[in-house]
Amino acid sequence: LAKTTQPISMDSYEGQEVNITCSHNNIATNDYITWYQQFPSQGPRFIIQGYKTKVTNEVASLFIPADRKSSTLSLPRVSLSDTAVYYCLVGSLAAGNKLTFGGGTRVLVKP
Amino acid sequence: GAVVSQHPSWVICKSGTSVKIECRSLDFQATTMFWYRQFPKQSLMLMATSNEGSKATYEQGVEKDKFLINHASLTLSTLTVTSAHPEDSSFYICSARQGDGSPLHFGNGTRLTVT
(Lines give C-alpha, C1' and ligand atoms only; values in the text may rest on other atoms or scores of the structure.)
Protein backbone atom coordinates (compact mmCIF):
# COMPACT_ATOMS: atom_id res chain seq x y z
CA LEU A 1 0.00 0.00 0.00
CA ALA A 2 1.37 3.39 -0.96
CA LYS A 3 2.33 5.52 2.02
CA THR A 4 1.16 9.12 2.01
CA THR A 5 2.60 12.20 3.71
CA GLN A 6 0.68 15.42 4.24
CA PRO A 7 1.23 18.55 6.31
CA ILE A 8 -0.28 18.17 9.77
CA SER A 9 -2.16 21.44 9.68
CA MET A 10 -2.83 24.58 7.66
CA ASP A 11 -4.51 27.87 8.47
CA SER A 12 -6.31 29.99 5.94
CA TYR A 13 -8.83 32.83 5.73
CA GLU A 14 -12.26 32.97 4.22
CA GLY A 15 -12.21 33.58 0.49
CA GLN A 16 -8.67 32.34 0.00
CA GLU A 17 -7.56 29.35 -2.03
CA VAL A 18 -6.18 26.44 -0.03
CA ASN A 19 -3.72 23.99 -1.57
CA ILE A 20 -2.82 20.80 0.25
CA THR A 21 -0.02 18.66 -1.12
CA CYS A 22 0.28 14.94 -0.53
CA SER A 23 3.44 12.94 -1.19
CA HIS A 24 3.13 9.33 -2.33
CA ASN A 25 6.52 8.33 -3.65
CA ASN A 26 5.78 4.62 -3.99
CA ILE A 27 2.51 4.94 -5.89
CA ALA A 28 1.84 1.92 -8.09
CA THR A 29 0.74 1.87 -11.71
CA ASN A 30 -2.83 0.87 -10.89
CA ASP A 31 -3.22 3.30 -8.02
CA TYR A 32 -5.58 6.25 -8.02
CA ILE A 33 -5.47 9.25 -5.71
CA THR A 34 -8.57 10.08 -3.72
CA TRP A 35 -9.21 12.93 -1.32
CA TYR A 36 -11.69 12.93 1.54
CA GLN A 37 -12.97 15.55 3.95
CA GLN A 38 -13.91 14.70 7.51
CA PHE A 39 -15.80 16.78 10.04
CA PRO A 40 -15.76 15.85 13.75
CA SER A 41 -17.92 12.84 14.59
CA GLN A 42 -18.75 12.16 10.95
CA GLY A 43 -17.50 9.67 8.40
CA PRO A 44 -15.13 10.87 5.68
CA ARG A 45 -16.80 12.44 2.66
CA PHE A 46 -15.50 11.92 -0.87
CA ILE A 47 -14.17 15.09 -2.50
CA ILE A 48 -12.32 14.18 -5.67
CA GLN A 49 -10.39 11.39 -7.34
CA GLY A 50 -7.83 11.25 -10.14
CA TYR A 51 -5.12 9.26 -11.87
CA LYS A 52 -3.02 11.85 -13.65
CA THR A 53 -2.91 15.50 -14.80
CA LYS A 54 -5.83 17.60 -13.57
CA VAL A 55 -9.31 16.80 -12.39
CA THR A 56 -11.89 19.40 -11.45
CA ASN A 57 -15.37 19.15 -10.00
CA GLU A 58 -17.78 21.58 -8.42
CA VAL A 59 -15.92 21.74 -5.11
CA ALA A 60 -12.22 21.17 -5.79
CA SER A 61 -9.41 20.58 -8.23
CA LEU A 62 -6.79 17.89 -8.09
CA PHE A 63 -3.39 18.39 -9.70
CA ILE A 64 -1.18 15.38 -10.35
CA PRO A 65 2.26 15.81 -11.95
CA ALA A 66 3.53 13.45 -14.60
CA ASP A 67 5.58 11.33 -12.17
CA ARG A 68 2.50 10.94 -9.92
CA LYS A 69 4.66 10.97 -6.79
CA SER A 70 2.62 13.78 -5.31
CA SER A 71 -0.73 15.44 -5.73
CA THR A 72 -2.27 18.75 -4.70
CA LEU A 73 -5.85 19.31 -3.64
CA SER A 74 -6.99 22.84 -4.36
CA LEU A 75 -10.01 24.31 -2.59
CA PRO A 76 -11.05 27.61 -4.17
CA ARG A 77 -12.41 30.44 -2.03
CA VAL A 78 -12.78 28.55 1.23
CA SER A 79 -15.41 29.38 3.80
CA LEU A 80 -15.60 28.72 7.54
CA SER A 81 -17.50 25.50 6.83
CA ASP A 82 -14.46 24.10 5.03
CA THR A 83 -12.69 23.75 8.38
CA ALA A 84 -12.08 20.01 8.53
CA VAL A 85 -9.47 17.30 8.23
CA TYR A 86 -8.50 16.36 4.69
CA TYR A 87 -7.09 12.96 3.82
CA CYS A 88 -5.24 11.81 0.74
CA LEU A 89 -5.56 8.10 -0.02
CA VAL A 90 -3.73 6.15 -2.67
CA GLY A 91 -4.67 2.72 -3.97
CA SER A 92 -6.33 0.72 -6.69
CA LEU A 93 -10.06 1.08 -7.21
CA ALA A 94 -10.82 -2.64 -7.27
CA ALA A 95 -13.96 -3.17 -5.21
CA GLY A 96 -12.20 -5.41 -2.72
CA ASN A 97 -9.09 -3.28 -2.35
CA LYS A 98 -8.54 -1.83 1.11
CA LEU A 99 -7.25 1.68 1.67
CA THR A 100 -5.31 2.92 4.67
CA PHE A 101 -5.36 6.45 5.99
CA GLY A 102 -2.37 8.64 6.67
CA GLY A 103 -2.40 11.40 9.21
CA GLY A 104 -4.45 13.90 7.23
CA THR A 105 -4.24 17.69 7.18
CA ARG A 106 -6.25 19.74 9.63
CA VAL A 107 -7.39 22.88 7.83
CA LEU A 108 -8.62 25.81 9.90
CA VAL A 109 -10.41 28.58 8.03
CA LYS A 110 -10.50 31.84 9.93
CA PRO A 111 -12.90 34.74 9.43
CA GLY B 1 -24.70 8.60 -5.33
CA ALA B 2 -23.80 5.56 -3.30
CA VAL B 3 -24.97 5.71 0.31
CA VAL B 4 -23.58 3.74 3.23
CA SER B 5 -25.65 3.80 6.39
CA GLN B 6 -24.62 2.85 9.91
CA HIS B 7 -26.74 2.09 12.91
CA PRO B 8 -26.73 3.09 15.67
CA SER B 9 -25.03 6.46 15.41
CA TRP B 10 -24.09 6.25 19.06
CA VAL B 11 -24.32 3.65 21.81
CA ILE B 12 -23.42 3.49 25.48
CA CYS B 13 -22.92 0.10 27.07
CA LYS B 14 -21.64 -1.36 30.30
CA SER B 15 -18.30 -3.04 30.53
CA GLY B 16 -18.52 -6.74 29.75
CA THR B 17 -21.50 -6.51 27.44
CA SER B 18 -21.53 -6.88 23.66
CA VAL B 19 -22.58 -4.32 21.11
CA LYS B 20 -23.56 -4.84 17.49
CA ILE B 21 -23.08 -2.16 14.82
CA GLU B 22 -24.76 -2.44 11.43
CA CYS B 23 -23.44 -1.17 8.13
CA ARG B 24 -25.72 -1.12 5.11
CA SER B 25 -25.20 -0.18 1.50
CA LEU B 26 -28.52 1.46 0.69
CA ASP B 27 -28.56 1.67 -3.07
CA PHE B 28 -25.93 -0.79 -4.19
CA GLN B 29 -24.57 -4.22 -3.44
CA ALA B 30 -21.20 -4.60 -1.80
CA THR B 31 -19.35 -7.90 -1.72
CA THR B 32 -16.69 -6.20 0.37
CA MET B 33 -17.01 -3.70 3.20
CA PHE B 34 -14.32 -2.22 5.40
CA TRP B 35 -14.38 -1.41 9.09
CA TYR B 36 -12.30 1.38 10.58
CA ARG B 37 -11.81 2.69 14.09
CA GLN B 38 -10.90 6.25 15.01
CA PHE B 39 -9.76 7.56 18.37
CA PRO B 40 -10.07 11.27 19.22
CA LYS B 41 -7.73 13.53 17.26
CA GLN B 42 -6.34 10.56 15.35
CA SER B 43 -6.69 9.21 11.85
CA LEU B 44 -8.83 6.26 10.82
CA MET B 45 -7.31 2.86 11.43
CA LEU B 46 -8.39 -0.05 9.25
CA MET B 47 -9.59 -2.92 11.40
CA ALA B 48 -10.84 -5.51 8.95
CA THR B 49 -12.18 -6.32 5.53
CA SER B 50 -15.62 -7.86 5.53
CA ASN B 51 -16.33 -10.32 2.72
CA GLU B 52 -19.85 -11.43 1.83
CA GLY B 53 -20.28 -15.12 2.41
CA SER B 54 -16.83 -15.72 3.82
CA LYS B 55 -14.64 -14.89 6.78
CA ALA B 56 -13.43 -11.39 7.40
CA THR B 57 -9.79 -10.49 7.04
CA TYR B 58 -8.38 -8.72 10.07
CA GLU B 59 -5.50 -6.29 10.18
CA GLN B 60 -2.50 -7.08 12.32
CA GLY B 61 -3.15 -6.45 15.98
CA VAL B 62 -6.95 -6.59 15.71
CA GLU B 63 -8.46 -9.44 17.73
CA LYS B 64 -10.89 -11.36 15.58
CA ASP B 65 -12.58 -12.97 18.60
CA LYS B 66 -13.24 -9.56 20.09
CA PHE B 67 -14.46 -7.84 16.96
CA LEU B 68 -16.81 -10.28 15.27
CA ILE B 69 -17.71 -9.42 11.70
CA ASN B 70 -20.58 -10.95 9.79
CA HIS B 71 -21.33 -10.11 6.17
CA ALA B 72 -24.40 -12.23 5.57
CA SER B 73 -25.83 -10.37 2.60
CA LEU B 74 -24.67 -8.10 -0.20
CA THR B 75 -26.00 -5.04 1.59
CA LEU B 76 -25.28 -5.69 5.26
CA SER B 77 -22.17 -6.16 7.35
CA THR B 78 -22.21 -6.19 11.14
CA LEU B 79 -19.44 -5.58 13.65
CA THR B 80 -19.97 -6.96 17.14
CA VAL B 81 -17.72 -5.73 19.90
CA THR B 82 -17.75 -8.58 22.40
CA SER B 83 -17.12 -8.19 26.12
CA ALA B 84 -16.56 -4.50 25.63
CA HIS B 85 -14.19 -2.60 27.89
CA PRO B 86 -13.65 1.13 28.31
CA GLU B 87 -10.60 1.00 26.03
CA ASP B 88 -12.91 -0.13 23.21
CA SER B 89 -14.64 3.23 23.38
CA SER B 90 -14.06 4.75 19.97
CA PHE B 91 -15.65 5.91 16.73
CA TYR B 92 -16.32 2.99 14.39
CA ILE B 93 -16.80 3.68 10.68
CA CYS B 94 -17.63 1.36 7.82
CA SER B 95 -17.16 1.85 4.10
CA ALA B 96 -17.81 0.19 0.76
CA ARG B 97 -17.41 0.72 -2.96
CA GLN B 98 -20.28 0.66 -5.38
CA GLY B 99 -18.10 -1.36 -7.75
CA ASP B 100 -14.70 -1.49 -9.38
CA GLY B 101 -13.55 2.02 -10.24
CA SER B 102 -15.72 3.71 -7.62
CA PRO B 103 -14.37 5.59 -4.63
CA LEU B 104 -14.94 4.30 -1.12
CA HIS B 105 -18.09 5.65 0.48
CA PHE B 106 -18.22 5.90 4.23
CA GLY B 107 -20.98 5.60 6.75
CA ASN B 108 -21.50 8.35 9.31
CA GLY B 109 -19.89 6.34 12.04
CA THR B 110 -20.94 4.89 15.39
CA ARG B 111 -19.72 6.44 18.62
CA LEU B 112 -19.25 3.65 21.18
CA THR B 113 -18.84 4.54 24.83
CA VAL B 114 -18.17 1.73 27.29
CA THR B 115 -18.75 2.61 30.93
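Only a predicted model underlies this, so the values are computations on that prediction, with no experimental measurement involved. Chain A is the first sequence line, chain B the second, and so forth, proteins listed ahead of strands; every chain is numbered from 1.
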Which atoms of B:Q42 approach chain A - backbone, side chain, both or neither, heavy atom under 4.5 Å: backbone
Heavy-atom pair of closest approach, residues A:T34 and B:P103: CG2-CB, 4.4 Å
Same cluster (ILVMFWY, side-chain, under 4.5 Å), B:M45 and B:L68: no
B:K41 NZ to A:R106 CZ distance, which is reported to the nearest 0.5 Å: 5.0 Å
Selection from A:G104, A:P44, A:G43 maximising heavy-atom pairs under 4.5 Å formed with chain B: A:P44
Over 12 non-hydrogen atoms of neighbours within 6.0 angstrom of OH in A:Y13: no
Linked, directly or transitively: A:I33 and A:Y86 (ILVMFWY side chains, under 4.5 Å): yes
Co-membership, hydrophobic cluster, residues A:V59 and A:L80, 4.5 Å side-chain: yes
Between B:F106 and A:F46, ring centroids under 6.0 Å: no
Within 6.0 angstrom of B:K20 NZ, more than 12 heavy atoms from elsewhere: no
Heavy-atom pair with the smallest gap, counting every atom of B:S43 and A:G102: OG-O, 2.5 Å
A:N25, CG: over 12 other non-hydrogen atoms inside 6.0 angstrom: yes
Portion of A:Q42 that has a non-hydrogen atom of chain B nearer than 4.5 angstrom: both
Under 4.5 Å from a heavy atom of chain B, the part of A:R45 involved: neither
Residue B:H85 excluded, over 12 heavy atoms near NE2 under 6.0 Å: yes
B:L44 side chain near A:Q38 side chain, heavy-atom distance below 4.5 Å: yes
Region of A:Y87 that comes under 4.5 Å of a non-hydrogen atom in chain B: side chain
Shared hydrophobic cluster for B:Y58 and B:V81 (ILVMFWY, side-chain gaps under 4.5 Å): yes
Donor-acceptor under 3.5 Å (B:R97 side chain, A:N97 main chain): yes
Largest heavy-atom contact set with chain B, pairs under 4.5 Å, which of A:S41, A:P40, A:S92: A:S41
Side-chain touch B:L104/A:L99, heavy atoms, less than 4.5 angstrom: yes
ILVMFWY cluster, B:F34 and A:Y32 together (side-chain gap under 4.5 Å): no
Approximate separation, where rounding is to 0.5 Å, of B:H105 NE2 and A:Y36 OH: 7.0 Å
Student check: side-chain heavy atoms of A:L93 and B:S102 closer than 4.5 Å: no
Residue part contacting chain A, namely of B:L46, when any heavy atom lies under 4.5 Å: side chain
